[in-house]
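See below for the structure under consideration.
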Amino acid sequence: MDRFEMLFDPAYVGWATGQPSGNGVLQAWFRLKGERDPDPIELLMVCDALPPVTFDLGLPGWAPTLELTAHVRAVPAPGWLKLRHATRNIAGGMFEEDCEVWDSAGRLVAQARQLARPPRG
């Protein structure tokens, strides 16, 4: 946490105050600390930087990853990255988590899909 800054979108933090929305969506802005601009390698890390979307479904805790596929679309512009993670389905003891990473110029620079197990309650 001392190497980066993450600011959660206030419209998507009900899970942090005990009031998850039930929508399965998290959104935040991310950047590395210091003078370093984002690069394609950083995008791979950012695709898994947020807590699991299950937090917004009232299921906090570790969600073990079974598979993660990431696509780097472009070299990001300098500045903050906007992250959006969402799920549409939890079934059969698994859920998918889709990630979009947008740069400061408003371009989609990375996407990822993760298959994971929900936290045990």
Side-chain angles (χ1 to χ4, degrees):
M1 296 291 291
D2 61 339
R3 295 183 183 193
F4 62 87
E5 295 176 78
M6 191 171 342
L7 303 173
F8 284 91
D9 185 330
Y12 296 89
V13 293
W15 57 272
T17 61
Q19 299 175 332
S21 75
N23 293 326
V25 178
L26 299 179
Q27 190 165 286
W29 288 268
F30 179 98
R31 73 175 174 185
L32 293 174
K33 286 188 177 176
E35 300 297 319
R36 186 170 165 199
D37 289 329
D39 60 48
I41 299 298
E42 178 185 341
L43 295 177
L44 295 173
M45 178 192 65
V46 169
C47 286
D48 195 27
L50 295 180
V53 293
T54 52
F55 279 43
D56 191 46
L57 298 172
L59 301 169
W62 177 55
T65 300
L66 303 173
E67 179 180 78
L68 174 65
T69 302
H71 303 279
V72 174
R73 302 282 185 207
V75 175
W80 287 86
L81 299 170
K82 182 179 178 181
L83 315 178
R84 184 178 191 279
H85 289 202
T87 189
R88 293 177 305 222
N89 187 43
I90 294 182
M94 294 178 275
F95 71 97
E96 91 285 341
E97 181 172 292
D98 292 313
C99 169
E100 296 175 346
V101 182
W102 301 83
D103 71 6
S104 61
R107 297 178 306 148
L108 180 66
V109 292
Q111 293 173 283
R113 173 165 269 196
Q114 184 173 171
L115 182 65
R117 292 206 175 272
R120 294 183 182 171

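The model shown is predicted, which means the values in this text are computed figures rather than measured ones.
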Please check if the side chain of Glu97 supplies one atom and the backbone of Val53 the other of a donor-acceptor pair under 3.5 Å.
yes
Do Leu50 and Leu68 belong to the same hydrophobic cluster, where Ile, Leu, Val, Met, Phe, Trp and Tyr are linked whenever their side-chain heavy atoms lie under 4.5 Å apart, directly or via other members?
no
For Ala74 and Leu43 the tightest heavy-atom approach is O-CD1, 3.6 Å
Within a strict 4.5 Å, meaning less than it, do heavy atoms of the Asp9 and Trp29 side chains meet?
yes
Please report the closest heavy-atom contact between Glu42 and Asp37, naming both atoms and the distance.
OE1-O, 4.1 Å
Taking side chain as C-beta onward, heavy atoms only, is His71 less than 4.5 Å from Thr69?
yes
Where at least one partner belongs to residues 20-32, residue pairs that pass salt bridge (charged side-chain N to carboxylate O under 4.0 Å, His left out), sequence neighbours excluded:
Glu5-Arg31
Heavy atoms, side chains only, cut-off 4.5 Å: are Asp103 and Pro38 in contact?
no
Sub-3.5 Å donor-acceptor pair from the side chain of Thr54 to the main-chain atoms of Leu59, do we have one?
yes
Which residues pass the salt bridge (charged side-chain N to carboxylate O under 4.0 Å, His left out) test with Arg84, sequence neighbours left out?
none
Same apolar cluster: Leu83 and Met45, side chain cutoff 4.5 Å
yes
Just by distance, do the side chain of Asp56 and the backbone of Leu26 share a donor-acceptor pair under 3.5 Å?
no
